Amino acid sequence: DTGVSQDPRHKITKRGQNVTFRCDPISEHNRLYWYRQTLGQGPEFLTYFQNEAQLEKSRLLSDRFSAERPKGSFSTLEIQRTEQGDSAMYLCASSPLNSHTNTGELFFGEGSRLTVL
Amino acid sequence: AQTVTQSQPEMSVQEAETVTLSCTYDTSESDYYLFWYKQPPSRQMILVIRQEAYKQQNATENRFSVNFQKAAKSFSLKISDSQLGDAAMYFCAYRRRAGNMLTFGGGTRLMVKP
């Protein structure tokens with residue numbers, strides 16, 4: 001499977017615990033995005049990487065959230081001291097940088113669902 | 001800031017019939033992309049159709065077509081010959097051509113009745 005993969009698919013945690021999600025983008029894609037989606041809503045942008053550089057962060061990304069893409073390949077999204085309001089689906093997406101292959105489309109993974117008790 | 005609005009939280013269509021999902025957006029840009037994504041239950045989001053703003057011709061992909069009205073900032077999706085597998089959440093999305101991210105609408109849940 002050469003699509004975007006995310007792990008774990010579902011995480012249940014207690015309030016105050018830390019959680020980490022991993023995303024493996026499509027291999028030739030330079031751009032990687034994290035979105036958050038709450039039930040019945042559209043995805044909201046969290047952050048964006050071009051290769052290893054984090055170029056944009058949403059105001060939604062509080063200081064408890066940190067994202068990395070250390071080698072420009074996979075990315076991790078860590079949430080520290082989780083709160084019940086963090087319960088959501090965390091979506092990862094990737095896209096190519098090359099203008100010849102970039103149709104503007106994002107390719108999404110299946111998401112990591114977080115439930116904070 | 002760009003915003004995308006989907007005014008229909010839910011729509012229902014009879015199998016084999018046609019349904020139109022609405023989307024409006026707000027932008028001051030002239031060059032951008034518009035997309036419709038489909039998200040089946042517990043499945044990943046997949047692209048249905050895309051439109052480039054500089055193209056006047058409406059995009060078509062098999063049973064899916066759009067009505068792109070640039071001046072009105074409207075971008076509706078028409079699904080012809082609806083099938084049970086079309087049941088899903090549908091999201092309209094916008095991206096500046098020079099931008100880096102998609103802005104999504106709130107979604108429309110489409111139900112297909114057999």
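In this text the structure is predicted, and so the values were computed from the model without any measurement. Only this structure's heavy atoms are used, side chains among them; waters, hydrogens and symmetry mates stay out. Throughout, protein chains are lettered first and strands after them, A, B, ... in sequence-line order, and every chain is numbered starting at 1.
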Trainee: Might you confirm whether atom CZ of B:Arg43 has over 12 heavy atoms from other residues, nucleotides or ligands at distances under 6.0 Å?
Mentor: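 Counting other residues, nucleotides and ligands, CZ of B:Arg43 stays at 12 neighbours or fewer.
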Trainee: Looking at A:Gly40, A:Pro43, A:Gly42, which makes the most heavy-atom pairs under 4.5 Å with chain B?
Mentor: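 Between A:Gly40, A:Pro43, A:Gly42, the count favours A:Pro43.
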Trainee: Quick one: hydrophobic cluster around B:Ile79, which other residues, with the 4.5 Å side-chain cut-off, linked directly or via members?
Mentor: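 B:Ile79 clusters with B:Val4, B:Met11, B:Val13, B:Val19, B:Leu21, B:Tyr25, B:Tyr32, B:Leu34, B:Trp36, B:Val48, B:Ile49, B:Phe64, B:Val66, B:Phe68, B:Phe75, B:Leu77, B:Leu84, B:Tyr90, B:Tyr94, B:Leu110, B:Val112.
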Trainee: Starting from A:Leu114, walk the hydrophobic network (Ile, Leu, Val, Met, Phe, Trp, Tyr; side-chain heavy atoms closer than 4.5 Å) and list everyone else you reach, by chain and number.
Mentor: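 Result for A:Leu114 is A:Val19, A:Phe21, A:Leu32, A:Trp34, A:Leu46, A:Phe49, A:Leu60, A:Leu61, A:Phe65, A:Leu77, A:Ile79, A:Tyr90, A:Val116.
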Trainee: Under a 4.5 Å cut-off applied to non-hydrogen side-chain atoms, are B:Met101 and A:Phe45 in contact?
Mentor: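 They are in side-chain contact.
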Trainee: Minimum heavy-atom separation for B:Tyr37 to A:Glu105, with atom names?
Mentor: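 Closest heavy-atom pair between B:Tyr37 and A:Glu105: OH-CG, 3.4 Å.
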Trainee: Taking atom CZ of B:Phe104 and atom CG of A:Leu106, what is their separation to the nearest 0.5 Å?
Mentor: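 B:Phe104 atom CZ to A:Leu106 atom CG measures 6.5 Å (nearest 0.5 Å).
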Trainee: Would you say B:Ile46 ends up clustered with B:Phe35 if hydrophobic residues are merged whenever their side chains have heavy atoms under 4.5 Å apart, either directly or through other cluster members?
Mentor: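 As far as the 4.5 Å side-chain criterion goes, B:Ile46 and B:Phe35 are not connected within one cluster.
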Trainee: Let me know if A:Arg9 has heavy atoms under 4.5 Å from chain B in its side chain, its backbone, both or neither.
Mentor: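 The answer is the side chain of A:Arg9.
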Trainee: Report yes or no: does A:Tyr35 contribute a side-chain atom to a donor-acceptor pair with the main-chain N or O of B:Leu102 at less than 3.5 Å?
Mentor: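 A pair under 3.5 Å: yes.
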Trainee: How about CD on A:Glu68, more than 12 heavy atoms from neighbouring residues, nucleotides or ligands closer than 6.0 Å, or not?
Mentor: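 No, not enclosed.
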Trainee: Could you tell me which non-hydrogen atom of A:Gly109 sits nearest to which non-hydrogen atom of B:Gln44, and how far apart they are?
Mentor: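 Of all heavy-atom pairs spanning A:Gly109 and B:Gln44, the closest is O-CB, 3.5 Å.
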Trainee: In this structure, are over 12 heavy atoms from other groups packed under 6.0 Å from A:Leu39 atom CG?
Mentor: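 Not more than 12 within 6.0 Å, no.
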Trainee: Using non-hydrogen atoms only, which part of A:Gln37 is less than 4.5 Å away from chain B: side chain, backbone, both, or neither?
Mentor: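 Answer is side chain: those atoms of A:Gln37 sit under 4.5 Å from chain B.
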Trainee: If I take atom CD from residue A:Gln41 and atom CZ from residue B:Phe91, how far apart are they, to the nearest 0.5 angstrom?
Mentor: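 Answer rounded to 0.5 Å: 8.5 Å.
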Trainee: Answer with side chain, backbone, both or neither: which region of A:Leu91 has an atom nearer than 4.5 Å to a non-hydrogen atom of chain B?
Mentor: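 Just its side chain gets close to chain B.
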Trainee: Sort B:Gln39 into side chain, backbone, both or neither according to what part of it lies under 4.5 angstrom from a heavy atom of chain A.
Mentor: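 Contact with chain A involves the side chain of B:Gln39 alone.
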Trainee: Say you draw a straight line from OG1 of B:Thr103 to CD of A:Glu44; how long is it, rounded to the nearest 0.5 Å?
Mentor: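 Between atom OG1 of B:Thr103 and atom CD of A:Glu44 there are 10.5 Å.
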Trainee: Would the number of heavy atoms belonging to other residues, nucleotides or ligands and lying under 6.0 Å from NZ of B:Lys73 be above 12?
Mentor: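 It does: B:Lys73 NZ has more than 12 such atoms within range.
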Trainee: Measure across A:Phe108 and B:Met45 and return the closest heavy-atom pair with its distance rounded to 0.1 Å.
Mentor: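 Closest heavy-atom pair between A:Phe108 and B:Met45: CB-O, 3.8 Å.
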Trainee: Are there more than 12 heavy atoms of other residues, nucleotides or ligands under 6.0 Å from atom CZ of B:Arg97?
Mentor: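 Counting neighbours around CZ of B:Arg97, more than 12 heavy atoms of other residues, nucleotides or ligands fall under 6.0 Å, so yes.
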Trainee: If you count every heavy atom of other residues, nucleotides or ligands that lies below 6.0 Å from B:Arg63 atom CZ, does the total exceed 12?
Mentor: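 For B:Arg63, atom CZ is crowded (more than 12 foreign heavy atoms under 6.0 Å).
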